[in-house]
There are 2 protein chains.
Amino acid sequence: MRINYKRELEDAARTMILVHKPNTLIRLILRMIVRKVRVEHAGILLYEKSRDCFIVTITRGQIGSKIPAGLVRLDKHSPIIRFFNDSNNFPLLERGALLLSKINAILSDRDFFSGKEELEKLIIAIKFQMKSFDTVVCVPAYYRDNLLGILMLGEKVNKKTFKREELDFFNALANDVAMALRNAFLFEDLQLEIERNRKLFLETTMALSAAIDAKDHYTRGHTMRVTEYSLAMCRYIIADSSKNLDAKFLDDLHVASLLHDVGKIGVPEAILCKKGELTDEERKKINEHCVIGAMILEPIKALDEVILGVKYHHERFDGSGYPEGLKGEAIPYIASIISVADSYDAMTTDRPYRGAFTKDQAMVEIERCAGTQFNPYLVRVLAALYKRGEL
Amino acid sequence: MRINYKRELEDAARTMILVHKPNTLIRLILRMIVRKVRVEHAGILLYEKSRDCFIVTITRGQIGSKIPAGLVRLDKHSPIIRFFNDSNNFPLLERGALLLSKINAILSDRDFFSGKEELEKLIIAIKFQMKSFDTVVCVPAYYRDNLLGILMLGEKVNKKTFKREELDFFNALANDVAMALRNAFLFEDLQLEIERNRKLFLETTMALSAAIDAKDHYTRGHTMRVTEYSLAMCRYIIADSSKNLDAKFLDDLHVASLLHDVGKIGVPEAILCKKGELTDEERKKINEHCVIGAMILEPIKALDEVILGVKYHHERFDGSGYPEGLKGEAIPYIASIISVADSYDAMTTDRPYRGAFTKDQAMVEIERCAGTQFNPYLVRVLAALYKRGEL
């Protein structure tokens, strides 16, 4: 069966542009080479910036014949890399590729290397290297004069030599690979930056919340624990699939849990840290922390959902909570989740006016308040997590 | 001159994969069509998700002949869009393209539309629409059955009809365009997400700093102003190019300025808000805010440089500052900048123990302290900004 290489190449280019995971892309290309051209194995030496060397990343082919992935590492002093990094050597390439058969031919040509001992040494070293990898063709992939990778191919299954059009195919493919790889790497960089930024945002929010926490001796570590419980509840609810919560809701809940008590920064220390019982007036001041927190975050458009969690996490299911006395499903769901997590943590830690409940006692108390203080479904979620030992 | 369309197409595909700005990409493609195929004008109707309609985004060609960009908007009820969204109509395409000549031919064929009045009406409407755009060929660009755009081409400059290979070229190009566009849009989305996240991070940090600011009546708005002055100084220094500051430094300085007083959260309110003169003991407590701030942020790896700004913004050039008595160039540069900005704002606002200086007075005072309290170069930077009226 003849292969339409031009067509294969066009198809490959079109597929490549859509693949943004470098490893997926390389797997795809190598599989194609092994199947279409029927070589015994194919691998790719890929440049890794962080280590400044080339590593055999992925290989395809029969077990036993293929180069083991990850084990082979070549730095810039390695013969093959030196060869491809020096454009003086390019006349030795056959249609862009370095062939073992060509190497054998010039090594048996007595005149070829006269006065070029350095080159002869290099070529001998390359021959040794290619043989150790069981490789008969190396095809370089450049992006703007930078060597990004090298395709390394074993013999054809039928043991015949490679045809001109096959070499052209490899060469064009290698260049497309270089560009697709660069594209994929750029995508990966952007995605990593997004993750880094998100992490920075969460860590900074966490550090500042913990600092606010620390003002109130009795709530040390409270924010971290509430966040942990809220997220566990949310993941349970998503898995339970009876509610339609998405990744965005989980992200918002994460931030809202971290910031739920941020308004305490606006409550006078004298009240916040008072040892004895609070007066009605003082209690009122403390209760203002929900509204103060919402006011602090109010200018931030992207935190709309988060603000609902901060503002309403002291509402109660029966409408007897604050600041607005919202009832049942009218309470934003994000706030209802934080409310349960917040109360569970408050009960299981020491407070100025009482010692901590055991976890068992806290669960009994929370279940007793299902339908009055808490959303009954969320109490069931907390109970399920507790039974699983996840609290 | 004959054109090697296959080659042009390959080149185009390879260029496209590297262009990540949709508009740049489209300009490139349209310019190529106008030049290589020599059409009078070429434009692209691009799908815009936010408005759920197709808009003529960019056009190329002689002024007067080309479709005005931005003015033409087609929603999904528009004849051309309806035509390409219904695969039942595809047999009417010539090699993927809808030709005005084909439309004219079938409209003059008496039998063609018998029993298909709806289609006839649609085709007549399309003819009218194409004529109003001075367009003779429409080539749809699909990505996975979704219509992403339509190439709209004017007549050839030589007034001849389009050849088969030209139509094949347009069609292949349109599909490549669709994929490259999708790629470019994905890039754009990621970049927008990075910007959104950065904005969220800065806004949240700003809101929390402002809340901490608010604890100390006399420093209301202080953080925002210090941040503004620091960034103005840094931009001046970058433009002055005598120092090697990069965008990363500017970003770090931004965050460090916002957080420079974050440690005040750890200073008792009774001291922070005291109206009368402070005792030595109380002064010492307040001075701890630099170290407390650094401690709060310490767990955050990505804020290493920021923490230097927070910790050392009360060091003095002559070594008489705190917390470590660092001297001259040993003081982290980020901290030296904040120090000048911080002092300038402190002087120009009321404090419990004195009224505000005028800006003039503050500049005189700061220049007097060049070399003792402040880095002399940075004082010159502040003075230059002041002279320009930028403070």
Side-chain angles (χ1 to χ4, degrees), chain A residues 6 9-10 13-18 20 143-144 172 175-176 178-180 182-183 186-187 189-191 193-212 214-215 255 259 262-263 265-266 268-270 272-273 292-293 295-303 306, chain B residues 6 9-10 13-18 20 143-144 172 175-176 178-180 182-183 186-187 189-191 193-212 214-215 255 259 262-263 265-266 268-270 272-273 292-293 295-303 306:
Chain A
K6 273 223 153 69
L9 206 57
E10 275 178 29
R14 277 177 197 145
T15 310
M16 277 190 266
I17 202 173
L18 299 174
H20 298 126
Y143 172 74
R144 292 193 182 158
N175 279 303
D176 284 352
M179 263 174 301
R182 195 180 130 78
N183 195 47
L186 279 175
F187 257 94
D189 282 352
L190 289 180
Q191 257 146 352
E193 195 172 335
I194 288 173
E195 276 168 42
R196 263 199 311 273
N197 283 350
R198 178 78 190 162
K199 192 164 164 252
L200 176 64
F201 169 63
L202 288 177
E203 284 179 342
T204 306
T205 308
M206 203 184 299
L208 296 177
S209 316
I212 294 166
K215 306 272 316 176
V255 181
L259 293 174
V262 70
I265 206 172
E269 268 172 45
L272 207 58
C273 307
I292 297 172
M295 269 171 51
I296 290 172
L297 302 175
E298 207 240 312
I300 310 172
K301 197 86 201 73
L303 294 186
V306 168
Chain B
K6 271 221 155 69
L9 204 58
E10 274 179 32
R14 277 176 199 146
T15 310
M16 277 190 264
I17 202 173
L18 299 174
H20 297 127
Y143 172 74
R144 293 194 182 156
N175 279 303
D176 284 353
M179 263 175 301
R182 194 181 131 78
N183 194 47
L186 280 175
F187 258 92
D189 283 350
L190 288 180
Q191 257 145 353
E193 194 171 337
I194 288 174
E195 277 166 42
R196 262 199 311 272
N197 282 349
R198 177 81 191 160
K199 192 163 164 253
L200 176 63
F201 169 63
L202 288 176
E203 284 179 342
T204 306
T205 307
M206 202 185 298
L208 296 177
S209 315
I212 294 166
K215 304 271 321 175
V255 181
L259 293 175
V262 70
I265 205 173
E269 267 171 43
L272 207 60
C273 305
I292 296 172
M295 268 171 50
I296 289 172
L297 302 175
E298 206 240 314
I300 310 171
K301 196 87 202 72
L303 294 184
V306 167

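- Rounding to the nearest 0.5 Å places CG of A/L303 at 7.5 Å from CG of A/L259.
- In this structure, B/Q191 CD and A/L186 CG are separated by 9.0 Å, a value rounded to the nearest 0.5 Å.
- Side chains of B/F201 and B/V255 form a contact here, defined as non-hydrogen atoms less than 4.5 Å apart.
- To the nearest 0.5 Å, atoms NZ (B/K199) and CE (B/M206) are separated by 10.0 Å.
- Heavy atoms closer than 4.5 Å to chain A are found in both the backbone and the side chain of B/A211.
- Between the OG1 atom in B/T204 and the CG atom in A/L297 there is a gap of 7.0 Å [rounded to 0.5 Å].
- Ranked by heavy-atom pairs shorter than 4.5 Å toward chain B, the options A/V262, A/I265, A/T205, A/L208 are led by A/I265.
- In this structure, no portion of A/I292 lies under 4.5 Å from any heavy atom of chain B.
- Contact count against chain A (heavy-atom pairs under 4.5 Å) is highest for B/P268 among B/G266, B/A302, B/P299, B/P268.
- Options B/N197, B/L190, B/L202 differ in how many heavy-atom pairs under 4.5 Å they form with chain A, and the most are formed by B/L190.
- Chain A forms the most heavy-atom pairs under 4.5 Å with one residue out of B/E269, B/E203, B/R196, and that residue is B/E269.
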